[in-house]
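Order of the sequence lines fixes the chain letters, A, B, ..., with proteins taken first and strands second; residue numbering starts at 1 for each chain.
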There are 2 protein chains.
Amino acid sequence: MLQDDSNTFALGEVRVSSSPQERFDEYLQSKGKRTTQQRRVLVDTVFERHDHFDADELIGLLGKSTEGAKVSRATVYRALDELVEAGLLRKMTLGGRAVYEHDYGYPQHDHLHCTECDALIEFRSDELIALREAVGREHQFRVTGHRLIVSGVCQDCAGKRHRRQSPLDLI
Amino acid sequence: MLQDDSNTFALGEVRVSSSPQERFDEYLQSKGKRTTQQRRVLVDTVFERHDHFDADELIGLLGKSTEGAKVSRATVYRALDELVEAGLLRKMTLGGRAVYEHDYGYPQHDHLHCTECDALIEFRSDELIALREAVGREHQFRVTGHRLIVSGVCQDCAGKRHRRQSPLDLI
DNA sequence: ATCTATGCAAACCGTTTGCACGACC
DNA sequence: GGTCGTGCAAACGGTTTGCATAGAT
């Protein structure tokens, strides 16, 4: 992330007034939690790249991290929960495992999920927001969020298509 | 499910030309699999009620089943996979666990998920189908399906609201 | 000094699997 | 009779937790 002269940070596409570190520190303080080596390294590593990742990938990255402190598996899991609570990360569940992505300073969006290569492609849709509000109203349901995953096959995989058996390939 | 004089079955809201049992049998035959006691009881139990359920609930129901045959945990898991492959059930993942619902003869729909009581409320939206196609086209992505879960608080829970702490209750 | 955070390893929980026995065609 | 299915119990994989120690305030 880059800081410009007006003291804001570019994260993804949106400018926000403080860095993830700063924001996380605020969260920690508000909860009476402490700013530790490992929490710092972790936030740095997470916001170094704009990617989807799971706990294991993060643990892998932390292994190679230049910053000295090593972070145990348990601590990674505990910190991920905190980052979600702090509003810095968004968590979703894909298949069995939990997948995380940047939330703070990043616009609302949804995903195309390629069932061949597991890629996640982001897209934005304002109509969807309108739609979810309408549905909520219709059912006296107080909407707080949504998760849409459109599955299918991405352009790349559609190319090198070495035809797998499809379910219900009767006969 | 009830059979009427025109030999179709009412499952949920749509009429189909054969019962889940029959359809499952077809699937099994097409795969060279066998029609066993336990698969029969299982399909009966699953289609007795129109509900969302997980593996454990089903195992529970099978325990009380009047039909003699008992079905082991392993068999339940194996059969659920088959029912999904056969197009009789749809599987989704909510939090950690797999949740199943009727697919066969039941219209495409999505869900409102109450984060307080975990209830799932179904709704239909044709605009969503249009939307997902549009997005797919835009990204050269061959769409095969989607999963939308709108989360929030249902009417009931909004009433007896005994205010839990909300994440990000800073200060 | 106090009290939270960490690391380790064991526990957990839903799900899957190897294997010997039983049931279907 | 030959296979496929089942039950059991053990294995699995991601995640959580209890506990003693290290570290932040």
Side-chain angles (χ1 to χ4, degrees), chain A residues 21 24-46 52-63 65 67-86 89-100 118, chain B residues 21 24-46 52-63 65 67-86 89-100 118:
Chain A
Q21 280 293 0
F24 193 39
D25 282 353
E26 281 168 32
Y27 164 80
L28 291 175
Q29 289 200 18
S30 79
K31 293 286 186 184
K33 296 183 168 189
R34 293 169 180 173
T35 302
T36 64
Q37 277 287 319
Q38 17 282 85
R39 292 211 251 242
R40 246 190 305 266
V41 183
L42 219 142
V43 173
D44 276 354
T45 308
V46 163
H52 303 87
F53 63 93
D54 64 19
D56 263 336
E57 288 167 351
L58 180 52
I59 291 165
L61 284 175
L62 286 168
S65 170
E67 314 191 44
K70 67 159 167 270
V71 186
S72 72
R73 182 171 307 271
T75 297
V76 169
Y77 278 104
R78 287 189 273 237
L80 283 173
D81 286 347
E82 294 167 343
L83 287 169
V84 169
E85 258 227 8
L89 290 183
R90 191 176 299 140
K91 177 184 190 170
M92 71 190 108
T93 317
L94 210 60
R97 56 180 60 65
V99 178
Y100 300 85
D118 240 40
Chain B
Q21 280 293 1
F24 193 38
D25 283 353
E26 282 168 31
Y27 164 79
L28 291 174
Q29 289 200 19
S30 79
K31 292 286 187 184
K33 297 184 168 187
R34 294 171 181 172
T35 303
T36 64
Q37 278 286 321
Q38 17 283 84
R39 293 210 251 240
R40 245 189 307 265
V41 183
L42 220 141
V43 173
D44 277 355
T45 307
V46 162
H52 303 85
F53 62 93
D54 63 20
D56 262 336
E57 287 167 352
L58 180 52
I59 291 165
L61 285 174
L62 286 169
S65 170
E67 317 189 44
K70 66 159 169 269
V71 187
S72 72
R73 182 172 306 271
T75 297
V76 169
Y77 278 105
R78 288 188 273 236
L80 284 172
D81 286 347
E82 294 167 343
L83 288 170
V84 169
E85 257 226 7
L89 290 183
R90 192 176 300 139
K91 178 184 189 171
M92 70 189 109
T93 316
L94 210 61
R97 58 180 59 64
V99 177
Y100 299 86
D118 239 39

Novice: Could you state the atom-to-atom distance from CG of A:Asp56 to P of D:dT15 in whole Å?
Specialist: 8 Å

Novice: Any residue in residues 73-81 of chain B with a heavy atom nearer than 4.0 angstrom to DNA chain C? Just list them by number, or reply none.
Specialist: B:Arg73, B:Ala74, B:Tyr77, B:Arg78

Novice: Side-chain contact test, heavy atoms from C-beta onward, threshold under 4.5 Å: evaluate it for A:Asp81 versus A:Tyr77 and give yes or no.
Specialist: no

Novice: Using atom types as modelled and distance alone, determine if a side-chain donor or acceptor of A:Arg39 lies under 3.5 Å from a backbone N or O of A:Arg34.
Specialist: yes

Novice: Output the rounded distance in Å from OH (B:Tyr27) to C1' (D:dC4).
Specialist: 14 Å

Novice: Tell me the interatomic distance from B:Arg40, atom CZ, to D:dT6, atom P, rounded to whole angstroms.
Specialist: 11 Å

Novice: Rounding to an integer number of Å, can you tell me how far A:Phe53 CZ sits from D:dG14 C1'?
Specialist: 16 Å

Novice: Under 4.0 Å, counting only non-hydrogen atoms across every strand here, what does B:Arg34 touch: a base, just sugar-phosphate, or nothing?
Specialist: base

Novice: Could you state the CG-C1' distance from A:Leu28 to D:dA24, rounded to the nearest angstrom?
Specialist: 12 Å

Novice: Using a 4.5 Å cut-off on heavy atoms from C-beta on, say whether the side chain of B:Glu26 contacts that of B:Gln29.
Specialist: no

Novice: To the nearest Å, give me how far apart CD1 (A:Ile59) and P (D:dG13) are.
Specialist: 15 Å

Novice: A:Arg39 has an atom CZ; how far is it from atom P of D:dG23, in whole Å?
Specialist: 15 Å

Novice: Please determine whether a side-chain nitrogen or oxygen atom of B:Gln37 lies at a distance below 4.0 Å from atom OP1 or OP2 of D:dT6.
Specialist: no

Novice: The test is side chain to side chain contact (heavy atoms under 4.5 Å, CB included); show your working for A:Gln38 and A:Val76 and say whether it passes.
Specialist: CA-CA 9 Å; A:Gln38 17 282 85; A:Val76 169; over 6 Å; no

Novice: Taking the side chain as everything from C-beta on, heavy atoms only, tell me whether A:Leu58 gets closer than 4.5 Å to A:Leu42.
Specialist: yes

Novice: Identify the two heavy atoms, one from A:Asp54 and one from A:Ala98, that lie closest to each other, and give their separation to 0.1 Å.
Specialist: CB-O, 3.3 Å

Novice: On DNA chain C, does the nearest nucleotide to B:Gly96 precede the nearest nucleotide to B:Gln38 from the 5' side, or the other way round? Give the residue.
Specialist: B:Gly96

Novice: Looking at A:Glu82 and A:Lys31, does any basic side-chain N land under 4.0 Å from a carboxylate oxygen?
Specialist: no

Novice: Between which nucleotides of DNA chain C, read 5' to 3', does contact with chain A run, using atoms under 4.0 Å from its heavy atoms?
Specialist: C:dC3 to C:dC8

Novice: Which residue is it: B:Thr75, B:Val71, B:Asp44? I am looking for the one with a side chain to side chain contact (heavy atoms under 4.5 Å, CB included) to B:Leu62.
Specialist: B:Val71

Novice: Grab the CZ-C1' distance between B:Arg97 and D:dG13 for me, whole Å please.
Specialist: 16 Å

Novice: Using only heavy-atom distances, determine whether the side chains of A:Tyr27 and A:Glu85 contain a donor-acceptor pair under 3.5 Å.
Specialist: yes

Novice: Does B:Thr36 place a side-chain N or O at less than 4.0 Å from the phosphate oxygens OP1/OP2 of D:dT6?
Specialist: yes

